[in-house]
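Notes for the one structure printed next.
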There are 2 protein chains.
Amino acid sequence: MKDTTLKELAETLGISVTTVSKALKGYADVSPKTREAVLKLAEELHFTPNAFAVNLRKQESKTIGVIIPEIVHHFFSKVLNGILDEAAKHGYLAIVLQSGESVELERKQVDLLINKRVDGILISLSNDSNDEAHLKEIIRRNIPLVQFDKISKLIPSTKVVINDRQAAFEATEHLILKGCRKIAHIRGPVNPQGAIDRWMGYKLALEKHGITYNPKLVYTCTHVTFEEGREFAKQILTDHPDVEGIFAITDLVAVGVISYFNENGFKVPDNVALIGFSNWFMSQVITPQLSSIDQPGEEMGALAFNCLLEEIEARKANKPYDLKTISLTTSVVERQSSQFKGK
Amino acid sequence: MKDTTLKELAETLGISVTTVSKALKGYADVSPKTREAVLKLAEELHFTPNAFAVNLRKQESKTIGVIIPEIVHHFFSKVLNGILDEAAKHGYLAIVLQSGESVELERKQVDLLINKRVDGILISLSNDSNDEAHLKEIIRRNIPLVQFDKISKLIPSTKVVINDRQAAFEATEHLILKGCRKIAHIRGPVNPQGAIDRWMGYKLALEKHGITYNPKLVYTCTHVTFEEGREFAKQILTDHPDVEGIFAITDLVAVGVISYFNENGFKVPDNVALIGFSNWFMSQVITPQLSSIDQPGEEMGALAFNCLLEEIEARKANKPYDLKTISLTTSVVERQSSQFKGK
DNA sequence: TTTATAGCCGAAAACGTTTTCGAAACGACC
DNA sequence: GGTCGTTTCGAAAACGTTTTCGGCTATAAA
């Protein structure tokens with residue numbers, strides 16, 4: 001059973017394909033009588049224009065590609081949610097791919113999207129993306145591109161990010177304002193820009209409040225897991241039993257810290273104040289509830305899509321457009337874990 | 001700057017489009033000399049076949065559509081992960097849509113995918129899907145369809161599910177074997193089949209072990225949230241202070257129960273044993289760690305895709321294929337929360 | 001009666017690829 | 001020289017739509 005085509009409609013009505021097409025698209029130069037006949041028959045036969053043909057003819061598919069490191073990830077799934085909803089509003093569909101934090105895979109996914117001839121690409125880079133050849137290829141091919149969250153500064157494109165340094169500054173300052181002076185930082189891996197920026201924000205906050213930075217209070221994750229949180233909690237307790245506050249790179253790590261402290265009778269927030277990062281769902285349901293930094297994931301996704309759409313439409317109309325970098329503001333979400341009691 | 005086409009290659013080489021196409025696809029009837037010339041030029045000019053044209057010609061796009069209720073959801077994102085990985089292995093891309101648990105939106109998304117002429121559709125229904133007209137339309141259009149997790153029994157298609165009744169039976173029996181006799185069940189909403197099946201599994205386990213079913217021990221969620229878990233925990237404590245075990249429809253609800261009990265000094269598992277459902281990540285990091293039922297999300301996704309692929313290929317080859325229903329086995333994940341101490 | 005003007009319609013090209021089918025060229029063999 | 005087979009190539013149709021452009025008819029104006 002084949003799909004109905006314009007040609008079939010035309011033949012059964014005894015008119016030309018052209019007229020059928022025009023009737024369906026509301027052109028003015030088709031009489032009301034034939035228009036209605038066409039519409040009626042099209043309805044009856046469940047006609048829908050063949051998307052393949054339309055794509056070929058119009059050289060566009062109303063489809064974008066999205067590449068993220070991991071889909072099973074609270075933040076990225078929220079961003080994706082924002083992208084999908086906003087895309088739907090504007091009649092766009094999204095092909096979703098994950099790079100699994102591997103550059104080779106990321107490059108492969110980019111190639112796939114280029115070959116598919118998507119109308120545009122949204123990408124958040126994998127952690128070890130040192131090579132940008134594939135991104136350059138996107139630009140060479142003149143495909144609209146917007147980077148979000150984890151970006152490459154070397155690639156000229158619109159970017160939607162959060163200000164990691166500022167956010168980390170506020171997180172640390174929050175602990176300071178709660179009365180902490182000796183504050184440890186469990187930071188992210190060495191390379192990713194985000195981890196570096198947050199670490200710098202931490203230092204800046206200490207500096208502003210006259211606390212000397214002590215590198216021994218900084219612990220570096222390699223995998224940013226729950227288990228690492230537990231391990232570093234133990235380590236901190238032996239290295240610095242008098243620690244007053246901890247700023248963890250991520251809620252997951254912070255939850256690991258809580259878990260270890262809970263088991264070992266070290267009280268959060270009575271003995272030590274704690275703040276995480278991302279405002280992951282779990283931070284509301286753990287005991288004690290975890291203070292955190294809210295990253296507006298859906299907003300980031302929606303904004304990234306809108307920037308991409310702007311670029312797509314500008315190019316189609318042969319209009320110029322500006323590459324911008326949008327920095328979303330984060331906010332401290334104050335919960336129980338940071339209500340430091342002092343000594 | 002336009003993309004290179006077969007025609008351009010042909011013209012600069014002074015040969016026909018046909019020969020260029022054949023050279024690129026490794027046909028035998030093109031001489032080694034011309035083949036190499038074509039390959040070389042294609043490489044230089046970064047030629048990639050125009051996907052729009054290929055789709056039109058072949059009447060397929062190597063793209064499938066996926067509709068899930070929510071993307072920001074641990075289980076569904078895992079299923080999606082399984083789908084995407086398996087699809088990638090077979091050279092397929094996926095367009096992802098969410099129905100947001102609304103039938104109207106679901107119907108709209110189905111229409112979009114039909115119009116896009118995807119090669120097949122994977123769908124998990126929204127909760128209030130009582131109307132199946134849109135699914136029937138997929139079948140009428142002869143589009144390969146596989147349902148997973150939340151399915152409609154009325155629609156003939158391959159299905160990949162878990163055996164909710166069996167899983168709930170095992171969860172309840174697990175509590176019984178730990179020594180619980182008075183066991184409450186916080187069940188899901190009234191309509192969805194999954195909630196009904198789990199409730200029946202609960203009853204069956206009681207029956208098998210000679211415990212009379214008491215409807216007053218069953219509490220019905222409407223939104224299946226953390227807050228509902230807390231509320232019902234409170235309610236259970238006043239209604240049945242001597243409760244020994246609780247089987248919650250979902251880990252999230254179970255975590256709500258833990259949260260309330262933790263705050264009010266009612267000890268899990270000393271006073272009451274608890275088991276959830278889904279084995280989502282949080283169950284490992286909460287204190288006490290939550291026993292649960294593991295649902296193999298990625299496996300479900302991978303399997304669903306493979307079934308779809310089978311159907312796609314069978315149709316292309318005009319071979320018959322069978323509709324099957326695959327029931328994945330779940331397993332009890334025993335953690336701290338179910339280690340009941342008795343009285 | 002001619003001319004201008006709407007109103008309606010359709011031929012045809014274009015999008016870029018794939019595949020069928022036949023043809024040309026060439027050598028080998030009888 | 002004719003026949004046959006092999007190798008290499010290309011014309012053309014097909015996939016289904018969109019859009020331009022010109023043409024036809026009938027009516028109104030001159």
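Keep in mind the model is a prediction, meaning the values are calculated, not measured. Within every chain, numbering begins at 1; the chains are lettered A, B, ... in the order of the sequence lines, protein sequences first and strands thereafter.
- Side chain of A:Pro32, nearest nucleotide from C:dC8, C:dT17, D:dG16: C:dC8.
- Contacts of B:Thr18 with the nucleic acid, taken as non-hydrogen atoms under 4.0 Å apart, include base atoms.
- In this structure, NZ of B:Lys58 is placed 18 Å from C1' of C:dC15, rounded to the nearest angstrom.
- Judged by distance alone, with hydrogens and angles left aside, A:Asp29 brings no side-chain donor or acceptor close enough to the base of C:dC8 to form a pair under 3.5 Å.
- Atom P of nucleotide C:dG16 and atom CD of A:Glu60 are separated by 14 Å, given to the nearest angstrom.
- Rounded to whole Å, atom P of D:dT7 lies 13 Å from atom CZ of B:Arg35.
- Note: A:Ile143 CD1 to A:Arg117 CZ = 8.0 Å, rounded to the nearest 0.5 Å.
- Listed nucleotides: C:dT17, D:dC9, D:dT17. Nearest to the side chain of A:Asn50: D:dT17.
- Atoms CG and CD1, from A:Leu328 and A:Ile162 in turn, are 8.0 Å apart once rounded to the nearest 0.5 Å.
- Rounded to an integer number of Å, the gap from B:Lys33 NZ to D:dT7 P is 16 Å.
- B:Ser21 comes within 4.0 angstrom of a nucleotide base, judged by non-hydrogen atoms across all strands.
- In terms of phosphate contacts, A:Gln59 brings a side-chain nitrogen or oxygen within less than 4.0 Å of OP1 or OP2 of C:dG16.
- For A:Lys25, the listed nucleotide lying nearest its side chain is D:dT19; candidates were C:dC9, D:dT19, D:dT17.
- For B:Ser16 against D:dA11, no side-chain N or O and base N or O form a donor-acceptor pair under 3.5 Å.
- When rounded to the nearest whole Å, the span between CG of B:Asn115 and P of D:dT17 equals 12 Å.
- With a 4.5 Å cut-off on side-chain heavy atoms, B:Ile312 and B:Glu60 do not count as touching.
- When distances run from any side-chain atom of B:Ser31 to the nucleotides D:dT17, C:dG16, D:dT8, the shortest one goes to D:dT8.
- With hydrogens and angles left out, the side-chain atoms of B:Arg315 and B:Tyr321 include a donor and acceptor closer than 3.5 Å.
- Nucleotide D:dT17 holds its C1' atom 14 Å from the CD atom of A:Glu8, rounded to whole Å.
- For the pair B:Ala53 and B:Val17, both in contact range of DNA chain D, the more 5′-proximal nearest nucleotide belongs to B:Val17.
- Taking the side chain as every heavy atom from C-beta outward, B:Val96 and B:Leu80 approach each other to under 4.5 Å.
- Under 4.0 angstrom from either OP1 or OP2 of D:dC9 there lies at least one side-chain N or O belonging to B:Thr34.
- Within 4.0 Å (heavy atoms only), B:Lys22 reaches at least one base atom of the nucleic acid.
- Contacts of A:Phe52 with the nucleic acid, taken as non-hydrogen atoms under 4.0 Å apart, are absent.
- When the C1' atom of D:dG16 is taken as reference, atom CG of A:Leu6 falls 7 Å away, rounded to whole Å.
- Across the protein-nucleic acid pair, A:Tyr27 atom OH and D:dC21 atom P stand 12 Å apart, rounded to whole Å.
- Side-chain proximity of A:Leu56 to C:dC15, D:dT17, C:dT17: nearest is C:dC15.
- In this structure, the side chains of A:Leu135 and A:Ile138 come closer than 4.5 Å at one or more pairs of heavy atoms.
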